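Note: hydrogens, waters and symmetry copies are ignored here, and every other heavy atom, side chains too, is used. Numbers for residues simply follow the sequence, beginning at 1. Given the structure is predicted, the values throughout are model-derived calculations rather than measurements.
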Amino acid sequence: YACSTGDSPGTCGDPGIPSHGSRLGNEFKTKNLLRFTCEAGYNLQESSERTCQSNGSWSGVQPVCKAVSCGNPGSPTNGRIVFSDGIVFSSSISYTCWEGYKTSGLITRHCTANGTWTGSA
């Protein structure tokens, strides 16, 4: 009697595809290589390539796609932040001016795929 994963000898299980990512290769046989990439605005962490090993496991570590961070956008002179949903790709932040001051530029800024904020504080 033996316990097994149900995978055939010489194959590895499906390692999946990272959220916000893609996988090149669909063969899960020994010595087959898979490559992983991420969508714009996301950085690949862990292994970008994994190989099916003879023991039925994948080399490396399952990759993860993490959203690019734009960092702290800062607060405007004579104003304040009224809305923020984060500092990573696709986040936005909105400002308002103190009474007696007018805006010059964007009042809403967006974190872009290349890790920068649109406009200036």
Side-chain angles (χ1 to χ4, degrees):
Y1 180 79
C3 297
S4 73
T5 60
D7 292 327
S8 310
T11 64
C12 295
D14 185 341
I17 299 171
S19 182
H20 300 288
S22 60
R23 179 181 70 208
L24 183 66
N26 283 312
E27 295 266 335
F28 307 148
K29 296 185 181 118
T30 302
K31 296 186 179 171
N32 276 31
L33 175 73
L34 301 180
R35 287 190 172 92
F36 298 90
T37 56
C38 294
E39 299 169 3
Y42 294 84
N43 288 327
L44 187 83
Q45 296 187 338
E46 304 304 343
S47 304
S48 62
E49 295 183 345
R50 300 186 79 191
T51 304
C52 179
Q53 301 175 122
S54 55
N55 66 0
S57 67
W58 289 100
S59 66
V61 179
Q62 183 63 15
V64 178
C65 294
K66 293 272 190 192
V68 169
S69 175
C70 288
N72 183 343
S75 292
T77 307
N78 303 311
R80 66 185 174 90
I81 296 168
V82 290
F83 170 81
S84 172
D85 62 1
I87 60 167
V88 296
F89 172 61
S90 83
S91 297
S92 59
I93 192 164
S94 298
Y95 301 98
T96 189
C97 295
W98 301 124
E99 201 169 321
Y101 292 91
K102 296 192 282 207
T103 60
S104 60
L106 296 173
I107 58 166
T108 299
R109 299 174 70 194
H110 303 280
C111 180
T112 65
N114 66 3
T116 61
W117 289 99
T118 56
S120 58

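Side chain of Trp58 to main chain of Gly13: a donor-acceptor pair is present (N/O by atom type, distance under 3.5 Å, no hydrogens or angles). Between the side chain of Arg23 and the main chain of Gly16, a donor-acceptor pair closer than 3.5 Å is present. A donor-acceptor pair is defined here as one N or O able to donate and one able to accept, closer than 3.5 Å; no such pair exists between the side chain of Ser47 and the backbone of Gly60. Using modelled atom types, one side-chain atom of Trp117 and one backbone atom of Gly71 make a donor-acceptor pair closer than 3.5 Å. In this structure, Arg50 contributes its side chain and Leu34 its backbone to no donor-acceptor pair below 3.5 Å. Using modelled atom types, one side-chain atom of Gln62 and one backbone atom of Pro15 make a donor-acceptor pair closer than 3.5 Å.
Atom OG1 of residue Thr96 and atom CZ of residue Arg80 lie 6.0 Å apart, to the nearest 0.5 angstrom. Taken from CD1 in Ile81 to OH in Tyr95, the straight-line distance is 5.0 Å, to the nearest 0.5 Å. Summarising the geometry, atom SG belonging to Cys12 is positioned 7.0 Å from atom CG belonging to Asn55; distances are rounded to the nearest 0.5 Å. One finds the CD1 atom of Ile17 at 8.0 Å from the CZ atom of Phe36 (value rounded to the nearest 0.5 Å).
Sorted by first and then second residue, the salt bridge (charged side-chain N to carboxylate O under 4.0 Å, His left out) pairs involving residues 65-76 (not counting sequence neighbours) form an empty list.
Scanning all heavy atoms of the two residues, the minimum distance from Ala113 to Val68 falls at O-CG2, 3.7 Å. Across every non-hydrogen atom of Pro63 and Pro18, the tightest pair is O-CB, 3.6 Å. In terms of heavy-atom proximity, Val88 sits nearest to Ala67 at CB-CB, 3.8 Å.
The side chain to side chain contact (heavy atoms under 4.5 Å, CB included) test with Asp85 is passed by exactly one of Ser91, Ser94, Ser90: Ser91.
Residues meeting the side-chain hydrogen bond (donor to acceptor under 3.5 Å, both in side chains) test with Gln45, sequence neighbours left out: none. Partners of Tyr42 according to the ring pair (Phe, Tyr, Trp, His ring centres under 6.0 Å) rule, which considers only residues two or more places apart in sequence or in another chain, are His20, Phe89. With sequence neighbours left out, Glu49 forms a salt bridge (charged side-chain N to carboxylate O under 4.0 Å, His left out) with Arg35. Not counting sequence neighbours, Glu39 has no partner by the salt bridge (charged side-chain N to carboxylate O under 4.0 Å, His left out) test. Take His110 and apply the ring pair (Phe, Tyr, Trp, His ring centres under 6.0 Å) test, not counting sequence neighbours, and it matches no residue.
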Practice task
Could you give me the CA-CA distance, side-chain angles and deciding distance for Ser22 and Thr37, then say whether side-chain hydrogen bond (donor to acceptor under 3.5 Å, both in side chains) is met?
Solution key: CA-CA 5 Å; Ser22 60; Thr37 56; 2.8 Å; yes
Handout entry: Candidate pair Leu44 and Cys65, rule side-chain contact (heavy atoms from CB on, under 4.5 Å), full reasoning
Key = CA-CA 5 Å; Leu44 187 83; Cys65 294; 4.2 Å; yes
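Using modelled atom types, one finds no donor on one side chain facing an acceptor on the other under 3.5 Å when comparing Thr30 with Ser54.
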